[in-house]
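Reviewing the structure listed below.
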Protein chains: 2
Amino acid sequence: MRAEPLDAATIVSATEDVLRRHGPGKATVLDVARALGVSHGSVYRHFASKQALREAVIRRWLDGVRGDLVAATREPGLAPPDRLRRLLTTMFAVKWRKAREDPELFATFRVLAAEHSAVSAAHVAALLDLIRAIVADGMAGGDFAPGDPALLARDVFHAVTRFVDPSHAAEWSSPAIEAESDGVLSLVLDGLRAR
Amino acid sequence: MRAEPLDAATIVSATEDVLRRHGPGKATVLDVARALGVSHGSVYRHFASKQALREAVIRRWLDGVRGDLVAATREPGLAPPDRLRRLLTTMFAVKWRKAREDPELFATFRVLAAEHSAVSAAHVAALLDLIRAIVADGMAGGDFAPGDPALLARDVFHAVTRFVDPSHAAEWSSPAIEAESDGVLSLVLDGLRAR
DNA sequence: TAGATGACAGATTTCAAATATTGTCAGCCG
DNA sequence: CGGCTGACAATATTTGAAATCTGTCATCTA
């Protein structure tokens with residue numbers, strides 16, 4: 001039936017396809033096995049449970065998002081305030097684009113992320129660390145007022161919740177959303193500069 | 001069966017009780033009529049539909065919340081920055097308390113608010129106006145840098161989304177939530193002061 | 001005669017039986 | 001042998017028939 005040996009990555013990809021096609025509620029392990037042309041027992045050789053399989057899917061998705069983000073931000077010769085603005089607007093743009101391009105798929109990944117909150121929490125922690133590094137840079141160079149970079153990174157992230165948290169995805173289709181995020185960003189950057 | 005004549009306010013109160021008891025999914029017009037000791041036809045004399053009845057309930061609830069808020073903020077002799085901080089922390093506290101005291105009832109009202117987004121939008125607009133008035137005051141007195149008070153009020157409100165938007169109610173049970181809201185509030189107030 | 005009632009049609013919800021899925025594992029196949 | 005299969009028990013989901021609810025209105029009653 002299959003030439004290549006069945007491996008975890010192949011199964012995860014097939015699961016993504018099935019999720020895309022059937023949605024989170026009706027995507028079964030049997031569907032995944034069918035898509036791969038194997039019995040469902042074989043899937044259970046690589047993943048202990050349906051939950052574990054779905055966790056692998058959301059983990060790979062979030063890692064990809066974060067990869068996109070780090071790549072887009074690797075731009076030299078930008079002062080910390082501009083770098084922070086760039087990071088955050090990119091963060092917004094990546095999420096908004098994914099949510100708008102394929103709302104059903106985005107909704108599916110929201111369900112998976114909610115199912116596996118530990119994976120989501122790790123993702124958020126990694127994003128927070130990106131912010132923290134820039135804030136620390138800015139303080140060292142005098143662009144930002146002194147303070148605890150980790151705490152301020154947390155504050156910044158919380159202030160932009162509306163623009164990154166998937167529970168606000170419905171609001172991202174408004175054409176005003178860009179102006180709104182710019183407004184909050186300016187307010188926050190001013191807050192970091194002058195304390 | 002009933003001494004006093006049946007009026008809209010009485011029906012709304014009975015509906016609140018039924019919602020409290022049965023939840024949003026299983027609260028029927030028949031239940032409301034039963035609670036009042038009348039036939040369901042009588043309820044339809046005062047409200048055109050079940051939707052209209054539920055809208056009256058959520059409208060009264062939100063008006064009450066806003067009343068509490070305005071009352072708690074009517075405190076003289078406070079500079080605009082402190083007044084703004086007071087308004088917002090009170091806003092948080094009112095919501096958090098309601099959500100923690102009776103999570104099921106809070107969830108019920110969330111459902112009603114989602115069903116009647118126009119009513120919720122009006123509520124938000126009224127809250128925004130409270131913020132705008134204080135920001136304008138602060139600009140007039142030199143506490144805040146000059147700017148468009150309406151736009152900045154919008155930015156401030158968006159920055160504290162996480163602490164007022166019911167979709168984040170689950171996060172409000174964390175003991176860290178107070179420190180987190182204080183952090184964002186300080187950042188935002190600094191932003192308003194020094195632009 | 002203003003306000004309340006309850007029978008009624010159509011829409012929605014409920015509940016139990018029928019079907020499908022999850023996860024295990026003894027045995028098969030290359 | 002290492003990996004795959006498919007029968008199987010336990011659990012979860014779907015289905016559709018019965019029950020309930022929404023909204024209307026002709027009729028009643030105070």
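Only heavy atoms go into these numbers, but all of them, side chains included; no hydrogens, no water, no symmetry mates. Protein chains get the first letters and strands the later ones, always in sequence-line order, with residue 1 at the start of each.
Between the side chains of B/Arg34 and B/Thr28, no donor-acceptor pair is found at a separation under 3.5 Å. A donor and an acceptor atom, one from each side chain of A/His116 and A/Arg54, are nowhere located under 3.5 Å apart. If you check the side chains of A/His168 and B/His158, you find no donor sitting under 3.5 Å from an acceptor. Under the 3.5 Å distance criterion, with hydrogens and angles disregarded, a donor-acceptor pair is assigned to the side chains of A/Ser13 and A/Arg60. No side-chain donor from either of A/Arg110 and A/Ser167 sits under 3.5 Å from a side-chain acceptor of the other.
Regarding B/Arg54, its CZ atom lies at a distance of 14 Å from the P atom of D/dC21, rounded to whole Å. When rounded to the nearest whole Å, the span between CZ of B/Arg34 and P of C/dG6 equals 13 Å.
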Inset, instruction - Give the intermediate values and the outcome of side-chain contact (heavy atoms from CB on, under 4.5 Å) for residues B/Leu36 and B/Ile11. - result: CA-CA 8 Å; B/Leu36 289 164; B/Ile11 297 177; 4.0 Å; yes
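Against DNA chain C, the stretch residues 42-50 of chain B makes heavy-atom approaches under 4.0 Å through B/Ser42, B/Arg45.
The shortest side-chain heavy-atom distance between A/Glu115 and A/Glu55 does not fall under the 4.5 Å cut-off. The shortest distance between side-chain heavy atoms of B/Leu152 and B/Ile131 does not fall below 4.5 Å. At a threshold of 4.5 Å between non-hydrogen side-chain atoms, the residues B/Phe92 and B/Val160 count as touching.
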Inset, instruction - Between protein and nucleotides 11-20 of chain D, map the contacts as a letter string: B base, S sugar-phosphate only, - none, heavy atoms under 4.0 Å, written 5' to 3'. - result: ---S------
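Under 3.5 Å, the side chain of A/His40 and the base of C/dG23 form at least one donor-acceptor pair of N or O atoms.
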Legend entry - Under the 3.5 Å Watson-Crick or G-U criterion, the dot-bracket string of DNA chain D, with | for inter-strand pairs: ||||||||||||||||||||||||||||||
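Nearest nucleotide to the A/Ser39 side chain, out of D/dC21, D/dG6, C/dT5: D/dG6.
Ion pairing of B/Asp137 with B/Arg83 is present here, as a side-chain N (NZ or NE/NH1/NH2) and a carboxylate O approach within less than 4.0 Å.
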